[in-house]
Each structure stands twice: as structure tokens, then as C-alpha cells.
Amino acid sequence: MAAPVDDMFSLCVDPCKVTSSVEVQFIDNIKGKGLFAKRSIKKEETIFIERPLVSSQFLWNSLYKYKACEHCLQSLETAEENARRLSHNPALSLPHPELCRVRPELHQACPQCQVMYCSSECRQAAADQYHRVLCLGPSEEDPDHPINKLKDAWRSVHYPPETSSIMLMAKMVAVVKQAKDKAHWQKLFSHFCSRAANEEEEIAHKLLGEQFRGQLGLLHSLFKEALYDEHLSRWFVPEGFRSLFALVGTNGQGIGTSSLSQWVHACDALELPNQQREQLDSFIDQLYKDIDKETGEFLNCEGSGLYLLQSSCNHSCIPNAEASFPDNNFQLHLNALSDISPGEEICISYLDFCQRDRSRHSRHKILRENYLFVCSCSKCTSQMDELDVTSEEEEGEAEGETEGDEMEDEMTDV
């Protein structure tokens with residue numbers, strides 16, 4: 001049986017603020033572990049708040065100048081700066097600028113490589129945990145540095161919309177290399193789901209795409225050149241490298257941060273006279289239309305992280321909880337979508353809203369390809385007698401019905 005939550009988290013430096021509401025239990029050899037309520041939980045209640053063991057901004061997202069704190073992924077742009085860039089309107093002024101919580105005067109750069117942090121606390125935390133290993137110093141812009149070669153190789157095979165980053169794997173290595181108690185961190189990472197070799201290869205190739213199957217060897221070679229450590233030799237052999245791919249591919253939780261979104265939520269909470277409320281709502285509606293026209297759906301600073309407690313949540317097509325990032329940083333809030341009884345399993349959905357509305361056959365296809373399991377939730381069980389509709393046919397129908405609509409991705413919900 002998996003370790004009780006409180007025992008498991010005694011291994012960490014307070015990664016989760018609230019663990020008295022839930023516990024991790026072993027279910028069976030197929031589903032493995034799951035997360036269960038220890039008390040009654042009300043709809044919309046925050047079940048827990050958790051920090052990741054490691055996290056990393058997506059590489060294309062960073063290259064496209066979505067400015068985020070290197071440690072906590074907080075958006076470094078003010079809401080107004082963010083809105084100006086996304087709308088391509090440098091003269092735009094936001095009303096109620098005092099509602100923006102970003103504080104540029106607190107931002108700090110690494111004195112060696114100049115990567116940016118939202119605060120001295122984040123800069124110090126990064127230095128203490130992993131950045132001394134990953135800091136490139138004056139070679140930050142050198143394309144021939146081994147870590148930059150690794151980043152470039154990853155970008156060449158993993159295009160937007162991004163779902164993972166090889167730098168998440170790099171940070172895992174850096175954390176262990178820098179740690180005094182290396183066994184402690186290796187034990188923490190061992191709590192994440194592991195896979196058989198053939199499944200690991202499937203996940204690795206799914207992340208890269210079939211057209212890049214041959215690039216796995218190149219990434220492995222560059223990863224080893226940039227980061228090899230004898231204490232982690234098992235992660236640097238081909239099988240271990242595929243295992244890391246599988247780990248981040250199946251356990252990495254998408255993170256989305258946005259100073260603009262946080263400002264909008266703050267505006268929504270304002271108590272205003274009706275006329276002022278209508279004017280503000282109209283302004284925000286028009287702003288999002290302008291952003292959609294200029295930028296499309298890529299609004300957030302995006303990345304992924306490994307969350308020890310959240311990773312214990314199994315999937316359901318009718319989830320009773322969902323993750324969000326309302327603090328404009330990597331702190332994950334798991335919120336209840338319905339009342340949850342003591343002893344009830346807490347499930348999230350690995351599918352976005354649009355995918356959950358597809359047929360059982362189409363949902364199963366997505367879950368098999370990306371997570372290598374067949375869902376047996378109550379919704380899937382109740383639809384067992386449905387005709388199988390191929391994903392291609394269904395997507396064709398959906399395109400005809402919803403052409404021009406955007407797919408909302410709850411994995412980066414802010």
C-alpha cells in the first residue's frame with residue numbers, strides 16, 4: 001500500500017499546505033494508487049494547495065517571450081503589459097491598474113546568467129534547489145553550450161501546443177545532483193508512476209510524434225552530455241531515459257499563469273454601480289476579442305510540473321475535482337466540482353472539456369494513446385452499448401458544427 005499522505009509528505013519541504021482532507025490508498029495492480037477523501041468535502045471547496053517538486057516553463061512558450069519567473073512560473077509582465085503584447089496595441093491602458101498584483105520592483109535576475117525571478121525568495125529557492133547545476137553564466141546565449149543544444153533539439157521535435165519539456169527532466173537531475181541527501185529526492189521521484197519498457201517507449205514517441213521516432217537517440221545523447229551524474233547513472237542509459245520520458249509524460253501537470261487573467265478576476269469581484277459594471281465588462285469583452293484576433297488561444301505563460309499529491313488522482317470522464325492556478329504561479333489548487341463523501345475517490349479528468357463531450361470510443365482512443373489505459377468510470381460503463389465512432393469521423397463532424405470555436409484547455413486553467 002502507498003504511504004499515508006502525512007508520512008509521504010514528511011519527506012518533503014512542505015509541498016502541500018493541506019493534507020488532512022485526503023489520503024493516498026492502493027487500489028489494485030491496474031489502477032495502482034488513488035486519492036480518497038478523509039472527510040466530507042463541499043462543492044467548490046479547495047481540497048488542498050500544493051507546490052510541485054519541480055516545474056519548468058515550456059521552451060517555445062519562453063522563446064515567444066511569455067515572461068515567467070524561472071522558479072514559480074509567475075507571469076512577470078504586468079496585466080497592462082500582458083494585454084498590450086497580446087492585443088498588439090502598445091497604447092492600451094487598463095482601468096483599475098491597482099488590481100494587478102505583479103510587482104516589477106521585486107523582480108531579480110540571476111547575477112551569473114540573468115534569468116529572471118519574481119522575487120529574491122524565488123531566486124534563492126532556485127539557487128538552493130537546482131539552479132547552480134543549470135546556470136549557464138555568460139554562456140546563456142551560446143548555442144553551442146550542451147544545455148542550449150538540448151533545448152534546441154527539443155524544440156525541433158516538440159512543437160506547440162506543448163505538453164511537456166525536456167527541461168522538467170533536466171531539473172529532476174539537477175535537484176538530485178545539488179541535494180545533500182540524494183536518496184531523499186530519488187525516493188520522492190520514485191513515488192511517481194513507472195511503466196514497463198514498451199509502454200515507456202510508446203509514451204516517449206507520443207510526446208515526440210511518429211515523424212521524430214529517430215530523434216530519441218539524439219535527445220538521449222545530448223541529455224547525457226549536458227547533465228550526466230554517476231549517482232543517477234540509471235537515468236542516463238537508454239532504458240532509464242525512456243523511463244524519465246514516461247514519468248513526465250504521464251505525471252506532468254500542465255501549469256498556466258496569467259497576470260491579465262488574475263486582473264480580470266479581480267475586476268469581476270469589484271462592487272460597482274450598474275453603469276460602471278457594464279462599461280468595464282464591455283471593455284474586457286472587447287479586449288479578449290482583440291486578443292483573439294491577434295494572438296489566438298495562446299494567452300498564458302505555460303509549463304508543467306510534478307505534483308506528488310495531485311499525481312495520485314486517477315482519471316474520470318465525470319470528475320469530482322479539478323486543478324487551477326489562481327495565484328498566478330505554480331501553486332496548484334485542487335477544487336471540488338461536487339460534494340465528496342468520506343471514503344470517496346477524488347478524480348480529475350485527463351481530458352479537456354471538449355474531449356469529455358466526445359463519444360466513449362473517442363475518449364478511450366485519446367486516453368490509450370496518451371496515458372496507456374482504458375477508462376472504466378461510471379460514464380464509460382454506462383455507454384458500453386454505444387456504437388463505436390471513429391475519432392476521425394467524430395472530429396470531422398465537430399469541425400463542421402463548431403468551426404472557429406476554440407478548445408478550452410482546463411490543464412492550464414487560471
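No hydrogens, no waters, no symmetry mates; every other heavy atom, side chains included, goes into these values. For clarity, every value in this text was computed on a predicted model and none was experimentally measured. Quick note: residue numbers are just sequence positions, from 1.
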Q: Determine whether more than 12 heavy atoms belonging to other residues, nucleotides or ligands lie under 6.0 Å from atom NZ of Lys43.
A: no
Q: Please confirm whether the backbone N or O of Arg123 pairs with a side-chain atom of Gln108, one donor and one acceptor, at under 3.5 Å?
A: no
Q: Grab the two heavy atoms, one from Glu345 and one from Gly34, that are nearest each other, plus how far apart they are.
A: OE2-CA, 3.9 Å
Without placing hydrogens or testing angles, list every side-chain donor-acceptor pair under 3.5 Å for residues 52-59, not counting sequence neighbours.
| unit_1 | atom_1 | unit_2 | atom_2 | d |
| --- | --- | --- | --- | --- |
| Ser55 | OG | His71 | O | 3.4 |
| Gln57 | NE2 | Asn61 | OD1 | 2.8 |
| Gln57 | NE2 | Tyr66 | O | 2.6 |

Q: Return yes if a side-chain donor-acceptor contact under 3.5 Å exists between Gln276 and Glu278, otherwise no.
A: no
Q. Got a donor-acceptor contact below 3.5 angstrom from the Asn314 side chain to the Lys33 backbone?
A. yes
Q.
Using modelled atom types and a 3.5 Å cut-off, is there a donor and acceptor pairing between side-chain atoms of Ser324 and backbone atoms of Pro326?
A. no
Q. Any donor-acceptor pair under 3.5 Å linking the side chain of Glu302 with the backbone of Gly254?
A. no
Q: State which residues pass ring-ring contact (aromatic ring centres under 6.0 Å, His included) with Phe236; sequence neighbours excluded, sorted by chain then number.
A: Phe223, Tyr228
(Q) Less than 3.5 Å apart, any donor N or O on the side chain of Gln310 or Gln253 sitting next to an acceptor on the other? (A) yes
Q: For the pair Gln114 (side chain) and Cys110 (backbone), establish whether a donor and an acceptor sit closer than 3.5 Å, ignoring hydrogens and angles.
A: yes
Q.
Restricting to ring-ring contact (aromatic ring centres under 6.0 Å, His included), what partner residues turn up for Phe189, sequence neighbours left out?
A. none
Q: Please check if any side-chain donor atom of His231 sits under 3.5 Å from a side-chain acceptor atom of Asp229, or the reverse.
A: yes
Q. Is the side chain of Ser119 donor-acceptor paired with the backbone N or O of Cys122 at a distance under 3.5 Å, no angle test?
A. yes
Q. Which residues pass the ring-ring contact (aromatic ring centres under 6.0 Å, His included) test with His220, sequence neighbours left out?
A. Phe241
In residues 279-291, what donor-acceptor pairs under 3.5 Å come from side-chain atoms, sequence neighbours left out?
| unit_1 | atom_1 | unit_2 | atom_2 | d |
| --- | --- | --- | --- | --- |
| Asp281 | OD1 | Arg277 | NH1 | 3.2 |
| Gln286 | NE2 | Asp290 | OD1 | 2.9 |

(Q) How close do Cys380 and Arg363 get, counting heavy atoms only, and between which atoms? (A) SG-NH2, 3.4 Å
Q | More than 12 heavy atoms of other groups within 6.0 Å of Glu271 CD | A | no
(Q) Side chains of Ser304 and Val248, heavy atoms from C-beta outward: is any pair under 4.5 Å? (A) no
(Q) For the residue pair Ser75 / Asn328, report whether a side-chain donor-acceptor contact shorter than 3.5 Å exists. (A) no
Q.
Check whether Lys149 reaches the backbone of Leu222 with its side chain - one donor and one acceptor, N or O, closer than 3.5 Å.
A. no
Q: Rounded to the nearest 0.5 Å, what's the gap from CG on Leu106 to OG on Ser120? Could you check?
A: 8.0 Å
Q. In terms of the angle between their ring planes, are His131 and Tyr117 parallel, tilted or perpendicular, with boundaries placed at 30° and 60°?
A. perpendicular
Q | Lys182 atom NZ: more than 12 heavy-atom contacts under 6.0 Å | A | yes
Q) Given Leu76, which of Arg103, Lys67, Glu70 fulfils the side chain to side chain contact (heavy atoms under 4.5 Å, CB included) condition? A) Lys67
Q.
Checking Glu322 against Asn335: is there a side-chain donor and acceptor pair closer than 3.5 Å?
A. no
(Q) Between Arg242 and Leu216, does the side-chain contact (heavy atoms from CB on, under 4.5 Å) criterion hold? Intermediate values first, please. (A) CA-CA 9 Å; Arg242 286 198 300 269; Leu216 193 59; 3.9 Å; yes
Q) Which heavy-atom pair separates Cys313 from Tyr350 by the least distance, and what is that distance? A) O-OH, 2.9 Å
Q | Glu98, CD: over 12 other non-hydrogen atoms inside 6.0 angstrom | A | yes
Q.
When you measure from the side chain of Thr295 to the backbone of Leu86, do you find a donor-acceptor pair of N or O atoms at a distance under 3.5 Å?
A. yes
**Q.** Pairwise salt bridge (Lys or Arg N to Asp or Glu O under 4.0 Å) hits with a residue in residues 74-92, at least two apart
**A.** Glu77-Arg85, Glu80-Arg84
